[in-house]
Amino acid sequence: MANDASAVFDTLSPAVSKGSPADPFTPPADSSLWRKNFLLGAATASYQIEGAVNEDGRLPSIWDTFSAIPGKVLAGDTGAVACDHYHRWEADVEMLASLGLEGYRLSIAWPRVMDAAGAPNRKGIDFYKRLLNRLKEKGITTFVTLYHWDLPQHLEDRGGWLNRDTAYRFADYADLMSCELAGTVDAWATLNEPWCSAYLGYGNGHHAPGLANDRFATQAMHHLLLAHGLAVPVLRTNDPASQKGIVANIGRGTANSDSAADQRAAHLFEVQHNAWILDPLLKGSYPQDLFELWPGTEPLVLDGDMETISAPLDFLGINYYFRTNVASDGAHGFRDVPLEGVERTQMGWEVYPDGLRDLLIGFKETYHNLPPIYITENGMASDDEVTDGHVEDTQRISFLRRHLAAVDQAIKAGVDIRGYFLWSLMDNFEWAFGYERRFGVVHVDYSTQKRTIKRSAELVEKFLQERKAKA
Ligand code: IFM
């Protein structure tokens, strides 16, 4: 399988297989990536790497519950052990630092740091204090996400994101963490990918908590955004020196034909994936044509909510992975029309770097108050194997080089992009796909927990060393 992916890639990217440019990753001399203040880092998330789900007072999360249900996660995998990062964090920080990565984006497990009554769980908080202090000692810029999908189960038992009260509990959690961790966090992101929490968790049931109802998805989305808006001023008060933002996943939708119906379908795809989040944050309103797609699914919005949600941001985190080709479904919406003969990853996702560039430039044109952007996730899964102590993740090297070139093009077109985080630092629990899909630039052998630096990470390290030497 690993060879198949490389074969596809070699066919489609002959420049790299012929050994040009000088190495298959290093950006050209005129790339903005050479600017030493362009932050290059890697990202992870608590449930995907920590394990230790029953230790030191951690409470169950919705992902513990969901992954225990047969059939919900490939091969019955769970995050119970994951990369055992809770116990191996010191070695993992050493590894991150040895790669020369300048930034690290991690998330806090809400069920690890608060009990069901909202009181602090000291042991859990101390874990993050130790981790963040060590990262700061190493000179690493820290981006901390408060919510990367591991909702405490006791809150789900009271309705989860369908219950408006969860947004207020989230603000309490943000209050606690920003009081405890102030000074060790360079940038706070309230939520990771609220679209996924709402649509995959409450809309189609592919993610925890596994509910499937269009009306639930829109209401969950509104409460997630409200949670974000309530937390931002709390973070500003408690930790004024840090940046505050949110992380959105964005999707490129292109039309299958020039027909007006297909063009409209592509527009609606992007409204549903992008404007649905960015309009409330940056314009203070939901896009008007959104509910044409699902009549009757408008969320309940109370007076003042949109003002709360559109509180000014210091940065916007953007996660980008692939493009979706769509056609009209013959009614109001769109349907996927997968393209044949295009390069895909282990996830089956199309590799389409231009989509990242085009979306970023489009956002700058649409949102006049667009804050500075960090690409908080970009990367790909491949079924990497260790051979003689090495992992030649050829397709990933090309993927990263081409997406970073797209970022450079967007910067040159005037978009204020300040950094880029590889997804992910290491192979980890890929939600409903368990451990089969490997997104890391470091390979993890789950039977021994041995980490092996992949070729992609070596090349990123080499570039960072060259950039440092030039500075
Ligand atoms: O692994 C996930 C991550 O948790 C959120 N963004 C997308 C990644 C790849 O699916």
Side-chain angles (χ1 to χ4, degrees), residues 5-6 8-10 12-17 21 23-28 30-35 38-43 99 101-103 105 143 193 247-254 273-274 316-324 339 342-364 373-382 384 393-413 415-425 437-441 454-464 467:
S6 304
V8 170
F9 154 65
D10 280 344
L12 292 165
S13 305
V16 175
S17 52
D23 77 41
F25 176 75
T26 299
D30 68 345
S31 168
S32 334
L33 267 71
W34 285 99
R35 289 187 329 213
F38 184 89
L39 184 71
L40 202 49
L99 291 172
L101 290 165
E102 301 160 332
R105 173 174 174 246
F143 272 57
E193 302 182 356
V247 170
N249 56 304
I250 57 165
R252 181 65 170 148
T254 52
H273 285 78
N274 308 331
L316 175 66
I318 289 289
N319 296 353
Y320 174 80
Y321 288 93
F322 60 96
R323 167 260 289 265
T324 307
L339 292 170
V342 295
E343 182 187 356
R344 294 187 182 276
T345 70
Q346 190 192 16
M347 296 295 284
W349 296 346
E350 184 188 347
V351 178
Y352 191 69
D354 288 357
L356 175 58
R357 177 200 58 210
D358 296 346
L359 286 169
L360 290 167
I361 294 173
F363 295 155
K364 182 177 159 53
I373 287 175
Y374 287 87
I375 307 302
T376 33
E377 283 181 29
N378 179 234
M380 58 159 284
S382 51
D384 304 318
D393 52 341
T394 316
Q395 191 189 12
R396 178 174 295 104
I397 294 163
S398 165
F399 179 103
L400 297 176
R401 180 179 54 77
R402 287 178 282 163
H403 283 79
L404 282 162
V407 170
D408 176 46
Q409 287 162 9
I411 293 173
K412 287 182 174 141
V415 187
D416 182 359
I417 307 168
R418 307 217 172 152
Y420 174 102
F421 291 82
L422 302 156
W423 184 267
S424 174
L425 173 63
R437 310 292 161 96
R438 294 182 175 273
F439 274 91
V441 292
K454 299 183 191 178
R455 181 84 178 121
S456 56
E458 289 173 0
L459 289 171
V460 171
E461 180 191 357
K462 175 173 166 283
F463 163 62
L464 287 167
R467 188 170 81 169

[X]: partners by side chain to side chain donor-acceptor pair (under 3.5 Å), with sequence neighbours left out:
X    : value
K412 : D408
R437 : none
Y420 : N378
Y321 : E377

*Got a sec, which residues hit side chain to side chain contact (heavy atoms under 4.5 Å, CB included) with E102, two or more places apart in sequence or on another chain?*
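So E102 forms a side chain to side chain contact (heavy atoms under 4.5 Å, CB included) with L39, L40, L464, R467.
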_side chain to side chain contact (heavy atoms under 4.5 Å, CB included) against R35, all qualifying residues, sequence neighbours excluded_ = S32, N37, F38, I411
*Would you please say whether a donor-acceptor pair under 3.5 Å links the side chains of E343 and Q395?*
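Yes, because at least one side-chain N or O of E343 sits under 3.5 Å from a partner of the opposite role on Q395.
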_Side-chain donor-acceptor contact under 3.5 Å, D393 with S382_ =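 Looking only at side-chain atoms, S382 and D393 do not form any donor-acceptor pair under 3.5 Å.
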Could you pull out the closest heavy-atom pair between [X] and [Y], with the gap in Å?
X    : Y    : value
V441 : R396 : CG1-CD, 4.0 Å
G355 : Y320 : CA-OH, 3.4 Å
K454 : D384 : NZ-OD2, 2.5 Å
T345 : A381 : CB-O, 3.6 Å
A43  : T376 : CB-O, 3.8 Å

*About how many Å separate CZ of R252 and CZ of R357, when rounded to the nearest 0.5 Å?*
9.0 Å
*Gap separating the CD atom of E461 from the OG atom of S456, nearest 0.5 angstrom*: 11.5 Å
_Any residue meeting ring-ring contact (aromatic ring centres under 6.0 Å, His included) with F363, in chain and number order, not counting sequence neighbours_ =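 None.
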_Between V247 and N319, is the side chain to side chain contact (heavy atoms under 4.5 Å, CB included) condition met? List the steps._
CA-CA 7 Å; V247 170; N319 296 353; 3.2 Å; yes
Pairs under 3.5 angstrom only: tabulate donor-acceptor contacts from the side chains of residues 347-354 to other protein residues two or more places apart or in another chain.
from, atom 1, to, atom 2, distance (Å)
E350, OE1, R323, NE, 2.7
E350, OE2, R323, NE, 3.2
E350, OE2, R323, NH2, 3.1

*What orientation do F421 and Y374 show, parallel under 30°, tilted 30 to 60°, or perpendicular over 60°?*
tilted
*For E458, what residues pass the salt bridge (charged side-chain N to carboxylate O under 4.0 Å, His left out) criterion, not counting sequence neighbours?*
R455
